[in-house]
Amino acid sequence: IFFLNSYGSLYSIDSEFLEIKWFINLNQNLDFNPSNLFLSNQIIYNQKKIIISTNYSTYFIDTEIGSIIYKNNFTTKLRPIINNNYLFLVTKNNFLVSIDLIEKKVLFSRDIDNAVSQFLNINKKKAQLKSLMLVNNNLYVLLKNSYLLIFNINGELKKIERLKNKVYSDPIIIDSSLIYLDNKNRIVVQN
């Protein structure tokens with residue numbers, strides 16, 4: 001079991017004996033006050049590694065001994081996705097990033113705002129992002145204004161779609177259909 005407290009300490013707990021196996025402090029700030037809270041995304045577990053994004057960095061941690069394997073100086077807005085040995089994430093500056101988990105190297109970093117402005121031939125604006133999904137080997141970035149950006153697996157913007165209704169839930173994918181709740185709590189299925 002892995003537990004991250006609000007002070008930035010990550011614990012590995014043996015679920016059978018309820019003992020702490022190891023812990024690590026991920027908070028880089030020594031000033032603990034309400035105006036300087038520790039924030040992080042969900043913990044992602046993959047092949048005896050934890051991937052976690054905090055206020056300042058994204059960490060790759062060995063789950064056996066709690067050591068930091070790899071650290072990048074960017075942080076994510078949305079829950080990252082792992083596909084095979086590749087991590088896909090969106091940074092706070094709206095960059096879509098792919099990282100090879102074996103080589104520990106960034107494969108690409110695409111400015112989402114710039115990609116949209118070039119695709120639509122408009123002035124660059126900051127997109128408000130809602131979620132990141134992997135569907136049929138494409139990366140779907142859902143915007144808060146209910147537009148869907150579809151990137152290929154190499155980070156190239158292929159398509160922009162407007163959804164039928166405003167999205168008021170985290171969408172799910174079933175058989176290539178996007179399913180979500182609209183503002184009237186109705187289920188919407190969009191192919």
Side-chain angles (χ1 to χ4, degrees), residues 1-5 8-16 19-28 38-116 118-119 127 129-142 148-159 170-176 178:
I1 298 174
F2 302 103
F3 173 73
L4 181 67
N5 69 17
S9 295
L10 177 65
Y11 294 86
S12 174
I13 300 170
D14 183 313
S15 60
E16 184 178 346
E19 296 176 343
I20 296 173
K21 292 169 42 177
W22 54 259
F23 77 94
I24 185 170
N25 184 8
L26 301 176
N27 194 348
Q28 297 179 356
F38 175 82
L39 301 172
S40 71
N41 260 336
Q42 296 175 358
I43 296 172
I44 307 294
Y45 177 80
N46 181 275
Q47 299 176 359
K48 298 186 179 183
K49 290 186 219 57
I50 288 176
I51 299 163
I52 186 165
S53 186
T54 67
N55 301 35
Y56 305 104
S57 301
T58 298
Y59 295 91
F60 299 77
I61 300 169
D62 181 305
T63 60
E64 297 295 313
I65 58 175
S67 65
I68 296 172
I69 300 168
Y70 177 61
K71 174 183 162 186
N72 274 339
N73 291 328
F74 54 75
T75 185
T76 65
K77 294 172 97 168
L78 309 173
R79 185 177 191 270
I81 294 172
I82 294 177
N83 183 31
N84 297 321
N85 294 316
Y86 303 101
L87 175 72
F88 300 98
L89 55 89
V90 176
T91 68
K92 281 188 176 178
N93 320 4
N94 285 2
F95 278 79
L96 178 62
V97 177
S98 174
I99 299 172
D100 183 320
L101 294 173
I102 294 175
E103 299 294 322
K104 298 173 188 68
K105 105 179 172 185
V106 174
L107 299 175
F108 67 78
S109 176
R110 304 279 191 264
D111 183 337
I112 292 172
D113 301 329
N114 193 44
V116 169
Q118 288 179 354
F119 191 87
L129 310 178
K130 184 171 180 69
S131 63
L132 173 66
M133 300 169 282
L134 182 65
V135 181
N136 296 331
N137 247 9
N138 289 308
L139 296 164
Y140 283 34
V141 178
L142 178 63
L148 187 63
L149 310 177
I150 301 172
F151 292 85
N152 67 19
I153 206 75
N154 297 317
E156 303 298 329
L157 183 58
K158 292 176 23 176
K159 190 175 183 183
D170 284 333
I172 60 171
I173 306 293
I174 298 177
D175 293 330
S176 299
L178 187 67

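One-based numbering along the sequence shown. Predicted model, so just to flag it, every value in this text is computed and none were measured. Atom set for the values below is all heavy atoms of this structure, side chains included, hydrogens, waters and symmetry mates excluded.
The two residues L101 and K104 come nearest to each other via the heavy atoms O-CG, 3.8 Å. Across every non-hydrogen atom of N73 and S57, the tightest pair is OD1-OG, 3.7 Å. Taking each heavy atom of S109 and V97 in turn, the nearest pair found is OG-CG2, 3.9 Å. Nearest approach of P171 to L142, heavy atoms of both residues: CG-CD2, 3.6 Å. Closest of all the heavy-atom pairs between N85 and Q47 is OD1-OE1, 3.8 Å.
Considering only heavy atoms from C-beta on, I153 comes within 4.5 Å of L134 through its side chain. Counting only heavy atoms from C-beta outward, the side chains of L96 and L132 approach each other to under 4.5 Å. At least one side-chain heavy atom of L178 sits under 4.5 Å from a side-chain heavy atom of I173. Taking the side chain as every heavy atom from C-beta outward, L107 and I99 never approach each other to under 4.5 Å. The shortest distance between side-chain heavy atoms of I150 and V135 does not fall below 4.5 Å. Side-chain contact check for L148 versus V141: every heavy-atom pair is 4.5 Å or farther apart. Here the side chains of I61 and F2 are not in contact, with every heavy-atom distance at 4.5 Å or above. Contact check for L87 versus F60: side-chain heavy atoms found under the 4.5 Å cut-off.
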Working for side-chain contact (heavy atoms from CB on, under 4.5 Å), residues I44 and I52: CA-CA 6 Å; I44 307 294; I52 186 165; over 6 Å; no

Could you walk me through whether L10 and W22 pass the side-chain contact (heavy atoms from CB on, under 4.5 Å) test, one step at a time?
CA-CA 8 Å; L10 177 65; W22 54 259; 4.0 Å; yes

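Rounded to the nearest 0.5 Å, atoms CG (N138) and CZ (F151) are 11.0 Å apart. In this structure, the separation between OG on S53 and CZ on F74 is 8.0 Å, given to the nearest 0.5 Å. We find the OH-CD1 distance between Y86 and I102 to be 7.5 Å, quoted to the nearest 0.5 Å. Here the straight-line distance linking atom CD1 of I50 with atom OH of Y45 works out to 8.0 Å at 0.5 Å rounding. One finds the CG atom of L129 at 7.5 Å from the CG atom of D113 (value rounded to the nearest 0.5 Å). With rounding to the nearest 0.5 angstrom, the CG atom of L149 is 11.5 Å from the OH atom of Y140.
Legend: ring pair (Phe, Tyr, Trp, His ring centres under 6.0 Å) pairs involving residues 88-110, not counting sequence neighbours: none detected.
Counting only N and O atoms by type, the side chains of Y70 and N72 include a donor and acceptor under 3.5 Å apart.
Remark: E156 pairs with R110 by the salt bridge (charged side-chain N to carboxylate O under 4.0 Å, His left out) rule, at least two apart or across chains. Residues satisfying the salt bridge (charged side-chain N to carboxylate O under 4.0 Å, His left out) criterion with K159, sequence neighbours excluded, are E161.
The environment of F23 atom CZ is sparse: at most 12 non-hydrogen atoms of other residues, nucleotides or ligands sit within 6.0 angstrom. For D175, the CG atom counts as loosely surrounded, since its 6.0 Å shell holds 12 or fewer non-hydrogen atoms of other residues, nucleotides or ligands.
Of the possible polar contacts, one joining the N94 side chain to the A127 backbone as a donor-acceptor pair under 3.5 Å is found. Of the possible donor and acceptor atoms, one in the side chain of D62 sits under 3.5 Å from a partner among the backbone N and O of I65.
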